[in-house]
Student: 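Supplied in structure tokens, the structure appears directly below.
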2 protein chains.
Amino acid sequence: MNPADRSASRTVAAAAARPVEKIRVLIADDHVTVREGLAAMIGRQADMAVVGEAATGRQAVELWFSLRPDIVLLDLRMPELDGVGAIGEIRQRDAAARIIVLTTFDTDSDIANAIRAGARGYLLKDSQREELLDSIRRVHAGETSISPSLVAKLAAGISSETLTGRELDVLILLAHGKSNKEIGANLYISETTVKSHLRNIFAKLDVLSRTEAITVACRRGLVTL
Amino acid sequence: MNPADRSASRTVAAAAARPVEKIRVLIADDHVTVREGLAAMIGRQADMAVVGEAATGRQAVELWFSLRPDIVLLDLRMPELDGVGAIGEIRQRDAAARIIVLTTFDTDSDIANAIRAGARGYLLKDSQREELLDSIRRVHAGETSISPSLVAKLAAGISSETLTGRELDVLILLAHGKSNKEIGANLYISETTVKSHLRNIFAKLDVLSRTEAITVACRRGLVTL
DNA sequence: GTGCGACTCTCCCAAATGGGAGAGTGCCGA
DNA sequence: TCGGCACTCTCCCATTTGGGAGAGTCGCAC
């Protein structure tokens, strides 16, 4: 399946009905409803075919290598192995893999992580039919496809400073409503150290209070409440 | 996928067994993928048929009264008119309406509001195929159908004290990271009043600090970050 | 009209938080 | 090996927050 084949098959498909190389699509989502929906939409296209469905990230990786599809549509939140993990494993052994993330989540870190891991496309589940199908064709053709509205978020996410591991520890406990003292006890550090971390966190997130920090952290997907 | 196709396939399916009264299902969800998925699953059942699809709550209400289906599968989060609003409007003019809520959200208040508004069933979108189809049959038969795991949440939600309107105003601003002073300025009340409200909120939510209040409020679906 | 609850406010005080300035340790990469 | 970074900690102080104990007004329901 080299680029020449691909452009050829596209020409044929455009021309009319003849033995056509269909785009072989793998669907990975833990919701049966979504899998059915994608399969129904893709199955109706003349130039695409669903070759497999996975309900977990682990399954998605296995099916990618056993079925050798052209494209995988991947949800980010899945049991066993999450989307980002699955992308990593697939790309590690197959750097050319064409992966489209299709998810409900659009926090900065979700998008950034998926792209960093090697996704070629990123769509939200409320995308329209044509948008989705176009995206599959575009990514299959070697392009990338990310919703314009998400590009802005991506830029914002990248420009923002990254927290250190310890700062994230503190932030997570903070977001669960712990006091400085409790955070310290949980992490086996003194309360003053917690305050130091918090000052750095506030500066990085550009906020003034712990409550603001929680909301910003949620929006950026740094923590889950 | 036009009405003619659908009625045609209905006649055929009926011929196979007997002239069967199919359960007429209306689907209301703003995600085209989910609509397709539900339509595909339901369409394959011998005893069910999808008679319409709505992408907004407003459309769902209109189609309920123009198509007169037996059941509507309703997402809670929809543009124009949300699920709870749609349930209200439908039940107001048709108290016997059989409504199943099918949503990704399972916070206490979502469930409680939907049930209060008159939903007969409440399913999460990660439900399995059979669970979903069973639920449709059960609710059509006049029973109610709520995932056991949700019943516990429902009970918890009902037992918890309800916040007054003003308290909710305060809580929402609190969750957005405002200080007491800012909340007061926003609501045109004094800072001390804000503190009074907060004390009541803390007592009702059974928490000790504003940060805890945020997390609990999020979990219960009282606020959206 | 009486009572109740929501909403508003006050005074007061202890505890927690936010922020400045600085410093020691340990690890990793240039 | 040497700088930089993460992580840890200290002292200090202004501000914010949490909480006790009341109290006045308004509107709604019985």
Student: Holding to side chain to side chain donor-acceptor pair (under 3.5 Å), I want the full list of residues that pass it with B/R77, two or more places apart in sequence or in another chain.
Tutor: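 For B/R77, the residues satisfying side chain to side chain donor-acceptor pair (under 3.5 Å) (neighbours in sequence not counted) are B/D110.
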
Student: Considering only heavy atoms of chain B and a distance under 4.0 Å, specify the first and last nucleotide of DNA chain C in 5' to 3' order that meet this criterion.
Tutor: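 Under 4.0 Å from chain B, the extent on DNA chain C is C/dA6 to C/dT10.
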
Student: Residues two or more places apart in sequence or in another chain: which of them pass side chain to side chain donor-acceptor pair (under 3.5 Å) with A/R210?
Tutor: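 Listed in chain order: A/N180.
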
Student: State which residue, out of B/T162, B/N200, B/L198, fulfils the side chain to side chain contact (heavy atoms under 4.5 Å, CB included) condition with B/E167.
Tutor: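 Single pass found, and it is B/N200.
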
Student: Using a 4.0 Å cut-off on heavy atoms, which residues in residues 169-190 of chain A reach DNA chain D? List them by number, or say none.
Tutor: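 Output list: A/I189, A/S190.
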
Student: Please give the angle, rounded to 10 degrees, between the axes at the start and the end of the helix from C/dG1-D/dC30 to C/dA30-D/dT1, where five pairs define each axis.
Tutor: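 About 50° separates the two local helix axes.
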
Student: Sequence neighbours left out, what passes side chain to side chain donor-acceptor pair (under 3.5 Å) with A/S145? Give chain and number order.
Tutor: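 If we apply the side chain to side chain donor-acceptor pair (under 3.5 Å) test to A/S145, skipping adjacent residues, the hits are A/S135.
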
Student: Roughly, in whole Å, what's the span from CZ in B/R210 to P in D/dG19?
Tutor: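 Roughly 11 Å, once rounded to whole Å.
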
Student: Using the side chain to side chain donor-acceptor pair (under 3.5 Å) criterion, which residues pair with A/R138? Sequence neighbours excluded.
Tutor: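 With sequence neighbours excluded, A/R138 shows a side chain to side chain donor-acceptor pair (under 3.5 Å) to A/E143, given in chain and number order.
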
Student: Does the side chain of A/T193 come under 3.5 Å of the side chain of A/S196 through a donor N or O and an acceptor N or O?
Tutor: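 The answer is no; no qualifying pair exists.
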
Student: According to side chain to side chain donor-acceptor pair (under 3.5 Å), does anything in residues 26-35 of chain B pair up with another residue at least two apart or in another chain? List the pairs.
Tutor: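 Sorted result for residues 26-35 of chain B: B/D29-B/K125, B/R35-B/E53.
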
Student: Pick from A/V51, A/I42, A/L133, A/I71: which one makes a side chain to side chain contact (heavy atoms under 4.5 Å, CB included) with A/I23?
Tutor: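 Of A/V51, A/I42, A/L133, A/I71, side chain to side chain contact (heavy atoms under 4.5 Å, CB included) with A/I23 is met by A/I71 alone.
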
Student: For A/E212 and D/dT16, what is the distance between atoms CD and C1' respectively, to the nearest whole Å?
Tutor: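 Nearest whole value for this atom pair: 14 Å.
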
Student: For B/E62, enumerate each residue passing the salt bridge (charged side-chain N to carboxylate O under 4.0 Å, His left out) test, keeping only those at least two apart in sequence or located in another chain.
Tutor: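 Here no residue qualifies.
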
Student: Pairs in or reaching into residues 79-90 of chain B: which pass side chain to side chain donor-acceptor pair (under 3.5 Å), with residues at least two apart or in two chains?
Tutor: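 Those involving residues 79-90 of chain B are B/R58-B/E89.
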
Student: Which residues, if any, of residues 191-200 of chain B bring a heavy atom under 4.0 Å of DNA chain C?
Tutor: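 Those residues are B/T192, B/T193, B/S196, B/H197.
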
Student: Would you say that B/L76 contacts B/V84 through its side chain, given a criterion of any heavy-atom pair below 4.5 Å between the two side chains?
Tutor: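 The answer is yes, as the side chains (C-beta and beyond) meet within the 4.5 Å cut-off.
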
Student: Around B/Q92, counting heavy atoms of other residues, nucleotides and ligands shown, do more than 12 lie under 6.0 Å from its CD?
Tutor: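 No, CD of B/Q92 has 12 or fewer neighbouring heavy atoms, counting only those of other groups under 6.0 Å.
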
Student: What pairs with B/R68 under salt bridge (charged side-chain N to carboxylate O under 4.0 Å, His left out), at least two apart in sequence or on another chain?
Tutor: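 B/R68 satisfies salt bridge (charged side-chain N to carboxylate O under 4.0 Å, His left out) with B/D94 only.
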
